[in-house]
Asker: 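A single structure is presented below for examination.
Labels below follow one simple rule: chain letters A, B, ... track the order of the sequence lines, proteins then strands, and each chain is numbered from 1.
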2 protein chains.
Amino acid sequence: MRKTIFIFGALVVALLILFKLSAYSLVSGNTSIEFIISGIAIIFFIIGVIINKRVLHKHKSITKEIDHEKIKSIGLSKREYEVLCEIALGLSNKEIAKKLFVSESTIKTHVSNVLVKLDAKRRTQAIQIAKEFQIIPL
Amino acid sequence: MRKTIFIFGALVVALLILFKLSAYSLVSGNTSIEFIISGIAIIFFIIGVIINKRVLHKHKSITKEIDHEKIKSIGLSKREYEVLCEIALGLSNKEIAKKLFVSESTIKTHVSNVLVKLDAKRRTQAIQIAKEFQIIPL
DNA sequence: GATAATTTCATACTTTAGTATGAGTGTTTT
DNA sequence: AAAACACTCATACTAAAGTATGAAATTATC
């Protein structure tokens with residue numbers, strides 16, 4: 001938020017300087033009106049692009065970033081969340097067990113807990129629900 | 001593509017009109033220089049926003065829209081693709097069977113074919129692969 | 001109209017997933 | 001220290017998923 005205020009402040013100052021500069025240039029007759037207009041047009045075009053990018057980027061990040069608060073509110077433990085991520089990658093229980101250096105029965109326990117906490121009947125449904133909750137990357 | 005060309009053409013024309021107008025206004029002394037500059041700034045700011053939105057929208061559509069060519073090249077039939085989409089929604093074979101008004105064994109056949117064609121060992125892996133191929137919606 | 005591809009279904013089987021229960025071992029938290 | 005939690009593992013079971021094979025009906029395609 002502080003950044004945004006700073007940028008807009010700088011923008012206003014730049015605008016005022018532009019006004020003064022262009023008025024001076026016109027009076028002194030050094031520069032043509034077309035040149036000034038073109039410069040201003042380019043500058044504001046760029047500003048428009050940048051600001052739009054910022055706004056859209058925030059939107060994107062909302063849909064992409066992981067909602068850690070949601071994970072907590074659901075009550076998923078660190079290990080359960082890890083298992084959930086591996087499920088979403090398409091791994092079997094056996095493969096997850098190997099990857100995390102634990103037994104398959106341990107993974108089964110974690111998976112069961114994840115299903116209960118996400119209110120899912122299957123691991124595929126858990127993936128879908130986790131995506132809706134934005135707790136796993138797309 | 002035609003649209004883009006048309007828009008840019010209109011843009012150039014609008015620019016030239018602006019030049020003439022501002023030059024005329026200044027000579028006749030009806031309008032202040034600040035007013036003209038502000039107008040131009042606003043117009044180009046808006047143009048910048050619009051163009052940026054178009055570019056980003058195309059980018060988004062690339063990551064969101066379904067690659068029908070890919071589906072064909074993989075060799076997925078219409079029914080198999082339907083089943084794949086239902087799998088991605090987290091449905092069980094029985095649920096898919098009900099939804100598509102066929103028997104569960106039919107769905108099993110389709111699922112098996114899908115797994116072979118996507119080179120997946122499990123339905124969860126098939127979901128992941130299908131997402132990477134961009135043949136199912138995120 | 002014949003051929004090829006798709007869709008449908010069944011049966012029998014193997015494998016994986018998921019549930020239930022109990023229990024041991026550490027870590028926090030109170 | 002005791003309670004609560006997280007992680008681990010096992011056994012035994014049920015349910016679902018996936019494979020293999022064969023076959024009939026439908027629909028494109030040539």
Asker: Closer to the 5' end of DNA chain C via nearest nucleotide, is it Asn113(A) or Asn113(B)?
Answerer: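 Nearest-nucleotide comparison on DNA chain C picks Asn113(B).
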
Asker: Using atom NZ of Lys94(A) as one end and atom P of dT15(C) as the other, report the distance to the nearest whole Å.
Answerer: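 Between P of dT15(C) and NZ of Lys94(A): 9 Å.
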
Asker: Ion pair present between Arg122(B) and Glu95(A), side-chain N to carboxylate O less than 4.0 angstrom?
Answerer: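 Result for this pair is yes, salt bridge flagged.
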
Asker: For Leu115(B), is there any backbone N or O sitting under 3.5 Å from a side-chain donor or acceptor partner on Asp119(B)?
Answerer: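 A pair under 3.5 Å: no.
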
Asker: Take atom CZ of Arg122(A) and atom C1' of dT19(C), then tell me their distance rounded to the nearest Å.
Answerer: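 In whole Å, dT19(C) C1' and Arg122(A) CZ are 15 Å from each other.
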
Asker: Can you measure Gln125(A) atom CD to dA17(D) atom P for me and round it to whole angstrom units?
Answerer: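 The answer, rounded to whole Å, is 11 Å.
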
Asker: Within less than 4.0 Å of OP1 or OP2 of dG18(C), is there a side-chain N or O belonging to Lys121(A)?
Answerer: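 Result: no.
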
Asker: Enumerate the residues from residues 70-93 of chain B whose closest heavy atom to DNA chain C is under 4.0 Å, giving them by residue number; use none for an empty result.
Answerer: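 Ser77(B), Lys78(B), Arg79(B) - these, ordered by number, are the residues of the stretch whose heavy atoms sit under 4.0 Å from the strand.
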
Asker: Treating Tyr81(B) as the side-chain partner and Ile135(B) as the backbone partner, does any N or O pair qualify as donor plus acceptor under 3.5 Å?
Answerer: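 Indeed, once roles are kept as given, a pair shorter than 3.5 Å links the two residues.
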
Asker: When you measure from the side-chain N and O atoms of His110(A) to the phosphate of dA6(D), is any distance below 4.0 Å, counting only OP1 and OP2?
Answerer: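 Result: no.
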
Asker: Between the main-chain N or O of Gly75(A) and the side-chain N or O of Lys117(A), is there a donor-acceptor pair closer than 3.5 Å?
Answerer: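 Checking the backbone N and O of Gly75(A) against the side chain of Lys117(A), a donor-acceptor pair under 3.5 Å is found.
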
Asker: In whole angstrom, what separates Ile96(B)'s CD1 from dA16(D)'s C1'?
Answerer: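 After rounding, the reported distance stands at 12 Å.
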
Asker: Closer than 4.0 Å, any side-chain N/O of Ser103(B) to the OP1 or OP2 of dC9(C)?
Answerer: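 Ser103(B) to dC9(C) OP1/OP2: side-chain N or O found under 4.0 Å.
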
Asker: Which protein N or O atoms sit under 3.5 Å from an N or O of nucleotides 20-28 of chain C?
Answerer:
none

Asker: Write down the distance between CD1 (Ile107(B)) and P (dA16(D)), rounded to a whole number of angstrom.
Answerer: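 Between P of dA16(D) and CD1 of Ile107(B): 15 Å.
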
Asker: Hey, does the side chain of Gln134(B) reach the backbone of Lys131(B) with a donor-acceptor pair shorter than 3.5 angstrom?
Answerer: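 Pair absent, no side-chain N/O of Gln134(B) close to backbone of Lys131(B).
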
Asker: Please compare Lys117(A) and Val102(A) by the position of their nearest nucleotide in DNA chain D and report the one closer to 5'.
Answerer: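 So the residue in question is Lys117(A).
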
Asker: What's the shortest heavy-atom distance between Ile66(A) and Pro137(A), and which atoms?
Answerer: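 Distance-wise, the nearest heavy atoms are CD1-CD, 3.9 Å.
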
Asker: Please list, for nucleotides 24-27 of chain D, all pairs of protein and nucleotide N/O atoms separated by less than 3.5 Å.
Answerer:
none

Asker: How do Thr124(A) and Thr106(A) order along DNA chain D: which one's closest nucleotide is nearer the 5' end?
Answerer: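 Residue closer to the 5' terminus by nearest nucleotide: Thr106(A).
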
Asker: Please give, in whole Å, the distance from dA16(D) C1' to Glu104(B) CD?
Answerer: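 So the CD-C1' distance, Glu104(B) to dA16(D), works out to 8 Å.
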
